Amino acid sequence: MRTYVVEPQQIFQPSLLELLRESGCSIVRVQERLDPLDVVRTHPELLFFDDEIMDEHTKRSLQFLVDSMPNLRLCIFAHGPLRDLRTHTSTQVLHLEKSAQHEALLGALGRFVVTA
Amino acid sequence: MSMSSNNKTRIFIVEEQALFGKALCQLLAAEPTFEVLGDLPRVDPSTPPRVAADLVVLDLNGPSIDYADEIARCRQSFGKARVCVLSTQLRPEIMQRCVAAGADAYLAKDVSPSELIRAVKTVAGGESYVDPRVAGQLLRKKLLSDGRLAGDELSEREGEVVRLIAQGLSNKEIGVRLCLSEKTVKNHVSRILSKLNISARAQAVVYAIRMGLV
């Protein structure tokens, strides 16, 4: 699954990418900030992002992406319950808890990728 | 500070997110002067890890966290180890709370790998470190609340010392550059911090940048 990653913490990127690759994702881009136009240009199947990037601008950008790329799947890496994120009901969203262990993250991601 | 017999800084990581903990271990273990002893999701003073760490990298996040309490628990568990806090919060008041509770460093989690290693080395060397972005905010607040800039309060020599601090030099290196003893430089630094009403070298760096000294 062609995956676009938005992770602001550089330190964290190597182990995150390792996990995603292990889950069957093919990384097409890694960015620290969400650039919606770049996402559209790259045309990934999955947008993986850390909820640390979530502000009003990011929410609007995500809404734009969901509207313009109806087949785009979202994976949110979050500290706790999901913050306010409105998506179409058809959008497939996976919520991963940051505190989860490696195996649990791998399992959830793997199932999400397989059901594509 | 004490170090392991192989002269490496012994580091323990406390990080709730397993994946991030792994990333930190990998990054710090790759540095030849560090020895990573292990990691845990949290500290429990009743069952402290049986390791003699020189420095603990402590992740503190979450809206309901009691920063002072967590740092106190860390201090209880690791004795004299220096504490380097990693946080997603860039708010000066949280940094101040952590420093007041005994943290030796405060860094944002989006710090670059090289900056993290530099900060850990600084702290391992006995100095303090504060993310310059947080220090800058704090300094700006202080300057605004004072209603003036403090630049004209520094002597010519103190201005030179600030400029060299901003270039990343240690007290010893500044001493060599200015032909002063390390102790004299230390005295200058103390006076500078006191005159500028700041508490960390990183804040002095921000000051130097704002005043056009570098």
Side-chain angles (χ1 to χ4, degrees), chain A residues 3 5-25 27 30-35 46 48-58 75-84 94-110 112-113, chain B residues 11 13-31 34 36 38-44 57-65 67 70 84-91 94 105-121 129 131 133-134:
Chain A
T3 305
V5 180
V6 185
E7 172 52 62
Q9 298 165 7
Q10 275 185 47
I11 296 170
F12 180 47
Q13 287 174 1
S15 57
L16 175 62
L17 298 186
E18 195 182 311
L19 173 82
L20 289 168
R21 289 192 181 107
E22 237 181 300
S23 311
C25 297
I27 312 298
V30 183
Q31 297 281 26
E32 289 174 27
R33 300 279 174 268
L34 179 62
D35 175 351
L46 171 64
F48 181 103
F49 61 95
D50 190 319
D51 79 337
E52 295 297 340
I53 65 165
M54 201 68 96
D55 55 16
E56 283 311 311
H57 172 72
T58 306
C75 181
I76 307 166
F77 200 40
H79 224 292
L82 284 183
R83 299 184 199 176
D84 181 31
L94 173 66
H95 172 213
L96 290 179
E97 282 266 3
K98 288 186 177 180
S99 56
Q101 291 299 306
H102 183 268
E103 291 308 316
L105 294 171
L106 194 60
L109 264 168
F112 192 61
V113 170
Chain B
I11 299 173
I13 293 161
V14 181
E15 166 62 63
E16 195 187 8
Q17 299 169 34
L19 214 52
F20 198 88
K22 185 181 164 196
L24 282 173
C25 286
Q26 284 174 349
L27 174 71
L28 296 174
E31 177 60 33
F34 296 160
V36 177
D39 70 306
L40 276 176
R42 61 192 64 82
V43 283
D44 179 359
V57 176
L58 174 65
D59 170 63
L60 291 181
N61 282 304
S64 57
I65 197 165
Y67 290 86
E70 291 295 328
C84 188
V85 171
L86 268 184
S87 168
T88 53
Q89 300 287 340
L90 276 170
R91 286 158 52 197
I94 293 182
Y106 187 90
L107 284 160
K109 280 181 100 170
D110 63 353
V111 65
S112 69
S114 58
E115 183 77 2
L116 175 68
I117 288 169
R118 195 153 67 92
V120 170
K121 282 182 176 173
Y129 191 95
D131 190 300
R133 290 169 294 177
V134 187

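Source: prediction; values computed, not measured. Chain letters run A, B, ... following the sequence lines, proteins first and then strands; every chain starts at 1.
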Using a 4.5 Å cut-off on heavy atoms from C-beta on, say whether the side chain of B:P113 contacts that of A:Q10.
->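 Counting from C-beta outward, A:Q10 and B:P113 do come under 4.5 Å.
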Pair B:T88-A:Q9, side-chain contact (heavy atoms from CB on, under 4.5 Å): steps then yes or no | CA-CA 9 Å; B:T88 53; A:Q9 298 165 7; 3.8 Å; yes
Portion of B:Q26 that has a non-hydrogen atom of chain A nearer than 4.5 angstrom |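 Only the side chain of B:Q26 comes within 4.5 Å of chain A.
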Indicate yes or no: does A:E18 engage B:K22 in a salt bridge with an N to O separation below 4.0 Å.
->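 A salt bridge is present here (some side-chain N lies under 4.0 Å from a carboxylate O).
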Of the backbone (N, CA, C, O) and the side chain (C-beta and beyond), which part of A:L19 lies under 4.5 Å from a heavy atom of chain B, both, or neither?
->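 When you check distances to chain B, only side chain atoms of A:L19 fall under 4.5 Å.
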So what's closer than 4.5 Å to chain B heavy atoms on A:L105: side chain, backbone, both or neither?
->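 Only the side chain of A:L105 comes within 4.5 Å of chain B.
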Where at least one partner belongs to residues 111-120 of chain B, residue pairs that pass salt bridge (charged side-chain N to carboxylate O under 4.0 Å, His left out), sequence neighbours excluded =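 Residue pairs with at least one partner in residues 111-120 of chain B: B:E115-B:R118.
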When rounded to the nearest 0.5 angstrom, what distance separates [atom1] in [X] from [atom2] in [Y]?
X     : Y      : atom1 : atom2 : value
A:I11 : B:L107 : CD1   : CG    : 8.0 Å
B:L19 : A:Q101 : CG    : CD    : 10.0 Å
A:R33 : B:D110 : CZ    : CG    : 6.5 Å

Using the side-chain contact (heavy atoms from CB on, under 4.5 Å) rule, take A:H79 and B:N61 through it: C-alpha gap first, then chi angles, then the decisive distance, then the call.
-> CA-CA 9 Å; A:H79 224 292; B:N61 282 304; 3.7 Å; yes
Taking only residues two or more places apart in sequence, or in another chain, which ones meet A:F12 in a ring pair (Phe, Tyr, Trp, His ring centres under 6.0 Å)?
->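 Testing A:F12 for ring pair (Phe, Tyr, Trp, His ring centres under 6.0 Å), a comparison that skips the adjacent residues, returns A:F77, B:F20.
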Considering all heavy atoms, the nearest B:A18-A:A100 contact =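 For B:A18 versus A:A100, the nearest heavy atoms are CB-O, 4.0 Å.
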